[in-house]
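One-based numbering, in listed order, for ligands and for the atoms of each.
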Amino acid sequence: MSPDTRPGDPAIPSAADQGARRRTVLRAAGLTALLGATGVTRAAAAEPAEAGGHDVIVIGAGFAGVTAARELSRGGLRPLVLEAQGRIGGRTYTAEFAGEKVELGGAWFDEGHPHAWKELQHYGLQRTVDQAPEVAFFPAEQGYRAYTPAEGFGRLAELVTPVFDGSKEYFPRPLDPFAREDLVRPLDRTTLIERIDALNLAPVDRAWVTGNLGGLSGGSARGSLTQMAQWWALSDWNYDKFSSATSSRLVHGTAAFIEAMLADADADLRLNSPVTRIEDHGSHVRVTTRRGTTYRARAAVVAVPVNVWNRITFAPGLPAEYRRLAEETVAVPSAKKIWLHIRSDQGLFYAAGAEGVPGLGDVIPTQRLGDGHLAYAFSADPALDVTDRAQIQASLRRWVPDAEVLAVRGHDWGNDPFARGGWTYKRPGQLTGPLRAVQRPVGRLSFAGSDIALGWSGWVDGAIESGLRAAGQVLGR
Ligand SMILES: Cc1cc2nc3c(=O)[nH]c(=O)nc-3n(C[C@H](O)[C@H](O)[C@H](O)COP(=O)(O)OP(=O)(O)OC[C@H]3O[C@@H](n4cnc5c(N)ncnc54)[C@H](O)[C@@H]3O)c2cc1C
């Protein structure tokens with residue numbers, strides 16, 4: 001990084017300049033315009049030796065970063081988005097499998113998600129609902145037992161609901177988790193498993209509850225009670241809404257959603273540009289990528305997952321709360337999502353495991369295919385290889401011995417170097433501890449990401465919420 005690579009501090013453009021500048025996101029970035037429907041086919045950008053002329057640098061092109069970029073451009077600033085990978089979307093990832101569009105990361109939306117819902121309406125994005133299971137397998141005294149879905153999910157609702165007793169009092173306004181901080185603070189030290197065990201459930205009932213909530217949390221001994229209880233409260237303290245938050249997805253995928261938002265931003269995007277160093281010089285920031293290119297701007301929005309904050313060198317170093325959060329991890333470190341093409345006499349089956357059993361945690365069908373059906377599964381088992389069809393078939397046969405897995409496609413989020421974890425699930429103490437501190441700017445840096453959202457943290461909605469906040473901080477300077 002030599003001093004002669006520093007471009008001049010760009011001036012904030014006039015309104016007329018801004019109008020003249022409205023153009024596609026790919027304009028000056030040296031990219032070939034390959035806005036494929038899946039968003040995975042963009043050409044790699046050839047980074048110039050040096051670049052400047054932007055007001056703000058946004059690091060990370062997930063929903064948080066893209067929201068921030070769009071808002072900054074709406075506010076009259078010219079953002080540059082630096083994305084490590086060859087695609088945008090981050091922990092949302094639309095891919096092809098068994099001739100269908102599938103999501104390897106975030107997928108489901110609900111009208112209870114205020115920010116995401118507003119954007120979906122704004123961009124006119126259509127949703128679809130998955131086909132319902134015809135049979136449901138749950139843990140039994142020995143192995144697993146088949147239930148009708150009404151029976152099985154009815155029982156699950158009865159077992160899960162008491163875990164959240166009192167949440168109407170401690171989360172009376174679910175989008176503001178600190179409305180009754182006096183009640184939340186002591187509870188925030190509790191792990192999910194401590195709360196479940198306080199209910200003294202029979203072993204089979206405990207297996208149902210830990211299988212369901214432990215799976216969602218990525219490990220009931222790791223995660224906090226308050227994270228799940230806030231999701232419960234956000235779902236109107238109601239099991240049906242809690243479970244239906246994961247039932248409707250986008251016809252054209254999350255890729256179409258984020259492409260629509262990015263196309264609406266007057267921002268430049270550079271793919272394949274992992275940021276390694278962020279310097280705050282008081283009057284400006286300098287951001288360096290792995291290839292050694294340095295960019296200069298007045299401010300930066302850091303919109304990468306908390307789990308990778310410690311992979312970037314900050315100069316000066318980040319305050320202790322930021323480092324602590326990144327060391328502890330916020331997103332589930334071993335989260336995996338796997339799509340399966342299944343052939344089985346059982347038809348569309350749902351299967352729930354008991355927590356801690358190796359392999360797939362649960363299996364949820366989505367649609368019938370010409371041959372068999374499509375289903376997805378979650379797992380937090382570090383030993384599960386998401387590419388190993390035979391291992392996945394063996395795991396599936398716990399529930400359905402005749403099931404044949406024809407193909408698999410998964411993503412191991414914990415081993416993804418630019419995620420180092422899956423969906424957000426806070427550990428005890430993180431909500432009432434460092435969360436609010438890390439939402440505040442540090443000098444010329446603002447931070448964004450679903451991991452540090454207030455409301456639907458762990459969802460796309462939270463990413464959008466945080467991107468709006470970070471852009472507001474920069475614009476309000
Ligand atoms: C398996 C799974 C299932 C989920 N299911 C749902 C769901 O059904 N519904 C829902 O709403 N949400 C769901 N989520 C959560 C949702 O996907 C995330 O909350 C959201 O996408 C996070 O967005 P973000 O912008 O905060 O972070 P990310 O999407 O992680 O974006 C961060 C970006 O930063 C980039 N980056 C990282 N390091 C660097 C670097 N050094 N330099 C430059 N760029 C960098 C990354 O490549 C990435 O593009 C799920 C997540 C997972 C993993």
Side-chain angles (χ1 to χ4, degrees), residues 39 57-69 81-94 102-110 112-113 115-117 120 130 215-216 218 231 245-250 254 257-258 261 269-278 287-290 300-313 330-339 361 364 376-380 386 410-414 416-425 447-453 455-467 470:
I57 299 169
V58 177
I59 301 143
F63 272 92
V66 168
T67 301
V81 182
L82 296 176
E83 165 55 47
Q85 307 192 61
R87 64 174 183 89
I88 62 169
R91 282 174 280 174
T92 58
Y93 187 172
T94 307
V102 297
E103 300 288 350
L104 299 174
W108 289 274
F109 297 92
D110 180 83
H113 300 179
H115 300 288
W117 195 254
L120 292 176
D130 293 333
L216 280 171
W231 291 349
T246 55
S247 59
S248 98
R249 60 191 160 80
L250 303 180
T254 53
F257 186 6
I258 197 162
M261 289 183 81
L269 166 70
R270 287 190 204 288
L271 298 174
N272 300 305
S273 301
V275 166
T276 53
R277 186 174 174 87
I278 302 173
V287 175
T288 305
T289 64
R290 191 181 285 168
V301 173
V302 182
V304 303
V306 170
N307 289 11
V308 305
W309 283 353
N310 283 348
R311 298 289 160 129
I312 296 173
T313 303
V330 176
V332 176
S334 56
K336 294 165 191 190
K337 182 173 175 184
I338 306 113
W339 281 89
I364 302 131
Y376 62 93
F378 292 108
S379 174
V386 300
H411 195 78
D412 182 343
W413 289 98
D416 179 330
F418 301 112
R420 293 176 56 78
W423 58 94
T424 310
Y425 198 97
F447 288 76
S450 188
D451 298 332
I452 58 168
W456 283 97
S457 176
W459 299 76
V460 167
D461 193 80
I464 297 172
E465 173 214 300
S466 73

[X] to ligand 1: N or O pair under 3.5 Å?
X: V304; result: no
X: A107; result: yes
X: S450; result: yes
X: V275; result: yes
X: Q85; result: yes

[X] neighbourhood, listing ligand 1 atoms whose heavy-atom distance to it stays under 4.0 Å:
X: P274; result: 42 (N)
X: A303; result: 32 (C), 33 (C), 34 (O)
X: L82; result: 43 (C), 44 (N)
X: G422; result: 53 (C)
X: A64; result: 25 (O), 26 (O)
X: G449; result: 26 (O)
X: G89; result: 29 (O)
X: G458; result: 12 (N), 13 (C), 14 (N), 15 (C), 19 (O)

Rounded to the nearest 0.5 Å, what's the gap from [atom1] on [X] to [atom2] on [Y]? Could you check?
X: L250; Y: L120; atom1: CG; atom2: CG; result: 5.5 Å
X: L271; Y: I88; atom1: CG; atom2: CD1; result: 8.0 Å
X: K336; Y: D412; atom1: NZ; atom2: CG; result: 4.5 Å

For [atom], which protein heavy atom lies nearest, and how many Å away is it?
atom: atom 37 (C) of ligand 1; answer: F418 O, 3.4 Å
atom: atom 21 (O) of ligand 1; answer: T92 CG2, 3.6 Å
atom: atom 9 (N) of ligand 1; answer: W108 O, 2.9 Å
atom: atom 34 (O) of ligand 1; answer: G60 CA, 3.3 Å
atom: atom 24 (P) of ligand 1; answer: A463 CB, 3.9 Å
atom: atom 27 (O) of ligand 1; answer: R91 NH2, 3.3 Å
atom: atom 10 (C) of ligand 1; answer: W459 CE3, 3.3 Å
atom: atom 35 (C) of ligand 1; answer: E83 OE1, 3.3 Å

Does a side-chain heavy-atom distance below 4.5 Å link [X] with [Y]?
X: K337; Y: L104; answer: no
X: W423; Y: V332; answer: yes
X: P274; Y: F418; answer: yes

#### Entry: Qualifying residue for side chain to side chain contact (heavy atoms under 4.5 Å, CB included) with I59, from T289, V275, V81
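Checked T289, V275, V81 against I59; only one passes side chain to side chain contact (heavy atoms under 4.5 Å, CB included): V275.
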### Candidate list V66, T94, V460, test side chain to side chain contact (heavy atoms under 4.5 Å, CB included), partner I258, passing option
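Of V66, T94, V460, side chain to side chain contact (heavy atoms under 4.5 Å, CB included) with I258 is met by V66 alone.
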### Task
Mind telling me whether Y93 and H411 have parallel, tilted or perpendicular rings, with 30° and 60° as the class edges?
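Correct class here is perpendicular.
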I'd like to know whether ligand 1 has [X] as a neighbour, heavy-atom separation below 4.0 Å.
X: T424; result: no
X: A335; result: no
X: G462; result: no

### Message
Heavy atoms only: which of G65, A84, G106, G86 lies closest to atom 14 (N) of ligand 1?
### Response
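Shortest heavy-atom distance from atom 14 (N) of ligand 1: G106.
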### Query
Quick one: which of Y376, W423, F63 has a heavy atom closest to atom 1 (C) of ligand 1?
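Checking each option, the heavy atom nearest atom 1 (C) of ligand 1 is found in W423.
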### Query
What pair of heavy atoms forms the shortest contact from V308 to P417, and how long is it?
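Looks like CG1-O, 3.7 Å.
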#### Entry: Heavy-atom closest pair, residues R290 and T276
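Here R290 and T276 meet closest at CA-CG2, 3.7 Å.
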### Message
With a 6.0 Å cut-off on the ring centroids, do W108 and Y376 count as close?
### Response
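Between Y376 and W108, which both carry aromatic rings, the centre distance is below 6.0 Å.
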### Task
For this output row, return yes or no: ring centroids of F378 and W413 closer than 6.0 angstrom.
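Centroid distance F378-W413: not below 6.0 Å, so no.
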#### Entry: R91: which of D416, D451, T254 passes side-chain hydrogen bond (donor to acceptor under 3.5 Å, both in side chains)
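Among D416, D451, T254, the one meeting side-chain hydrogen bond (donor to acceptor under 3.5 Å, both in side chains) with R91 is D451.
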### Message
Between D110 and W117, does the side-chain contact (heavy atoms from CB on, under 4.5 Å) criterion hold? Intermediate values first, please.
### Response
CA-CA 7 Å; D110 180 83; W117 195 254; 5.7 Å; no
